[in-house]
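Encoded as structure tokens, the structure appears first; notes follow it.
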Amino acid sequence: MEPVKVGLLGLGTVGSGTVRVLKRNSDEITRRAGRGIELVAAAARNLDSLGDLDVSGMRLTEEALEVVDDPEVQVIVELIGGTTLARELVLRAIDQGKHVVTANKALIALHGNEIFSRAQERGVMVAFEAAVAGGIPIIKAIREGLTGNRIEWLAGIINGTGNFILTEMRDKGREFADVLAEAQRLGYAEADPTFDVEGVDAAHKLTILASIAFGIPLQFDRVYTEGISGISRDDVVYANELGYRIKHLGIARRANGGIELRVHPTLIPERRLIANVDGVLNAVLVWGDAVGPTLYYGPGAGSEPTASAVVADLVDVVRALTTDPENRVPHLAFQADALSDVSILSMDDVQTAFYLRLRVLDRPGVMADITRILADLDISIEAIMQKEPDEDTQEADVIMLTHQVREGNLNQAIGRIESLDSVITPVTRIRLENLK
Ligand code: HSE
């Protein structure tokens with residue numbers, strides 16, 4: 001059978017990895033797909049910077065549109081990132097009846113509803129395994145492997161750069177900016193690295209995961225997002241002393257009254273497997289009612305790990321080329337006309353435990369005042385630790401862990417605690433999840 005003809009948009013980190021993997025493993029891939037997969041055209045921003053990449057057999061251009069419009073190209077692989085040009089190119093490819101593979105999480109999170117609906121109309125596939133957790137086949141696992149389950153919740157370390165920074169801060173006491181620069185050099189970080197450290201990238205991925213886990217439309221604007229730039233080394237050390245690790249998690253959970261969608265630093269017990277996922281690695285823990293907990297672990301970024309997911313999608317597309325569009329695996333796991341619009345909970349109504357760090361004057365009655373405020377708001381304390389006071393200032397850090405509490409109540413308590421004369425700096429609060 002004729003090979004399937006593919007056009008590549010972008011020859012950067014992931015694009016060049018895709019070329020290398022497709023060429024190196026071409027025989028194995030053909031045996032799996034049942035047909036060859038041939039890269040016939042590619043667009044790159046700067047053709048002079050391709051180095052020694054083997055681009056033989058490919059028509060090269062700096063105009064992505066030429067690849068999309070190339071009549072020979074049957075499948076477009078979009079690896080340019082961003083959401084403006086990428087959206088235009090992907091929609092144009094779909095309108096021409098071409099299938100699309102993309103690694104673009106922002107594109108899917110922000111414009112996926114439009115893209116999938118257009119793809120549905122045109123009977124083409126849009127595959128996006130590489131958009132979430134790089135080389136980990138998490139989309140396939142949730143969409144197909146767990147399809148018999150009602151998924152109750154998932155929690156993931158889905159940004160490698162953030163995980164790398166937190167790990168290096170804990171293990172080596174390195175400075176935040178220094179570790180971030182290294183992640184950029186290694187090609188893990190986003191073009192705008194605030195997307196990594198402020199949780200935007202993780203929120204894009206969580207949007208996608210929640211949609212395929214619960215059968216809801218993509219709702220990026222409803223994800224609560226908090227980054228790691230406010231995490232201090234003291235918090236990392238205190239969390240360790242209490243038997244916890246701080247991880248930047250994306251969490252999606254069915255709760256009473258709606259769905260929780262949130263990305264934030266989180267204390268998790270150090271004995272959990274996911275607490276020990278370090279460096280640039282990602283992991284996603286998914287809890288299904290039939291299977292219980294399952295954990296998916298691996299490289300969430302990087303050239304060939306992400307290319308591994310891109311190529312897997314290409315093979316899926318090739319295998320499904322001749323199938324009836326109505327009988328393919330739905331883009332968002334649930335049939336397009338069966339998505340439900342369960343509401344997303346406001347953070348005030350989310351219930352979690354908390355880690356609190358307070359800087360207080362070490363004098364009689366301070367702890368009593370604080371605990372009275374917590375008790376008045378129905379907040380139960382699980383553990384308290386007071387550090388040695390500073391000899392000159394008589395200021396001391398007090399660390400508390402609470403039981404589960406409605407976030408709205410905790411915010412009220414913090415407001416009252418911060419108005420006490422004996423409490424010196426704003427209270428640091430980090431959510432805590434046991435992930436049972
Ligand atoms: N910047 C992302 C990360 C790349 O660090 O995980 C993969 O999406």
Side-chain angles (χ1 to χ4, degrees), residues 10 12-18 21 77-83 86 101-110 112 127-139 154-169 174 176-210 212 218 220 223 225-229 231 247-251 263-266 274 277-285 296-313:
T13 306
V14 181
S16 58
T18 301
V21 172
V77 179
E78 183 278 305
L79 303 172
I80 59 174
T83 53
V101 172
T102 177
N104 191 332
K105 53 249 161 161
L107 178 71
I108 298 297
L110 270 61
F128 52 95
E129 181 65 70
V132 181
I136 307 174
I138 186 64
I139 301 295
L154 59 86
I157 297 172
I158 44 180
N159 181 268
T161 301
N163 201 42
F164 183 56
I165 292 172
L166 288 175
T167 305
E168 293 286 303
M169 283 173 75
R174 287 177 67 187
F176 185 89
D178 165 42
V179 191
L180 176 57
E182 186 179 344
Q184 286 177 288
R185 269 199 312 280
L186 293 169
Y188 302 144
E190 295 304 298
D192 177 353
T194 61
F195 273 38
D196 296 297
V197 293
E198 298 308 338
V200 179
D201 175 74
H204 288 146
K205 296 166 182 165
L206 185 73
T207 302
I208 300 171
L209 290 177
I212 60 168
L218 296 149
F220 170 72
V223 182
T225 305
E226 192 180 303
I228 56 168
S229 51
I231 298 291
K247 292 292 182 188
H248 200 194
L249 292 189
I251 298 172
V263 171
H264 51 69
T266 315
I274 194 169
V277 171
D278 285 334
V280 77
L281 290 164
N282 282 196
V284 184
L285 179 56
Y296 308 85
Y297 165 79
S303 178
E304 291 203 6
T306 311
S308 161
V310 169
V311 173
D313 271 350

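Whatever order the structure lists ligands and atoms in, that order sets their numbers, starting from 1. FYI, the numbering just counts along the sequence from 1. Excluded from the calculations below are hydrogen atoms, water molecules and symmetry mates; all remaining heavy atoms, backbone and side chain alike, are included.
- When only modelled atom types and interatomic distance are considered, Thr194 and Asp192 share a side-chain donor-acceptor pair under 3.5 Å.
- At a heavy-atom distance under 4.0 Å, no atom of Asn282 approaches ligand 1.
- Inter-residue side-chain proximity for Lys247 and Pro265 is flagged as unmet; no heavy-atom pair is nearer than 4.5 Å.
- Below 4.0 Å from some heavy atom of Asp196 lie the following atoms of ligand 1, by number and element: 1 (N), 2 (C), 3 (C), 5 (O).
- Atom 5 (O) of ligand 1 has its closest protein heavy atom at Thr161 OG1, 2.7 Å.
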Requested in this report: Test Leu154 against Leu206 for side chain to side chain contact (heavy atoms under 4.5 Å, CB included), laying out the working first.
Outcome: CA-CA 9 Å; Leu154 59 86; Leu206 185 73; 4.0 Å; yes
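- With ligand atoms numbered from 1 in the order given, ligand 1 contributes 7 (C) to contacts under 4.0 Å with heavy atoms of Gly300.
- Inspection of the Ser229 and Glu198 side chains reveals an N or O donor paired with an N or O acceptor under 3.5 Å.
- Taking the side chain as every heavy atom from C-beta outward, Ile274 and Ile157 approach each other to under 4.5 Å.
- Taking atom 8 (O) of ligand 1 as the reference point, the nearest protein heavy-atom neighbour is Lys105 NZ, 2.5 Å.
- Ligand 1 lies out of reach of Gly134, whose nearest heavy atom is not under 4.0 Å from it.
- Looking at atom 6 (O) of ligand 1, its nearest protein heavy atom turns out to be Gly160 N, 2.7 Å.
- Remark: ligand 1 atoms within the under-4.0 Å shell around heavy atoms of Asn159 are 1 (N), 2 (C), 3 (C), 5 (O), 6 (O).
- Annotation: side chain of His204 is in contact with side chain of Phe195 (closest heavy-atom distance under 4.5 Å).
- In the vicinity of Ala301, heavy-atom distances shorter than 4.0 Å reach the ligand 1 atoms 4 (C), 7 (C).
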Requested in this report: Start with the C-alpha distance between Thr18 and Glu304, add both sets of side-chain angles, then the distance that settles side chain to side chain contact (heavy atoms under 4.5 Å, CB included), and finish with yes or no.
Outcome: CA-CA 7 Å; Thr18 301; Glu304 291 203 6; over 6 Å; no
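- If you check which protein heavy atom lies closest to atom 2 (C) of ligand 1, you get Glu190 OE2, 3.1 Å.
- With contacts defined as side-chain heavy-atom distances shorter than 4.5 Å, the pair Ile139/Ile212 qualifies.
- The atoms of ligand 1 that sit less than 4.0 Å from any heavy atom of Tyr188 are 1 (N), 2 (C), 3 (C), 4 (C), 5 (O).
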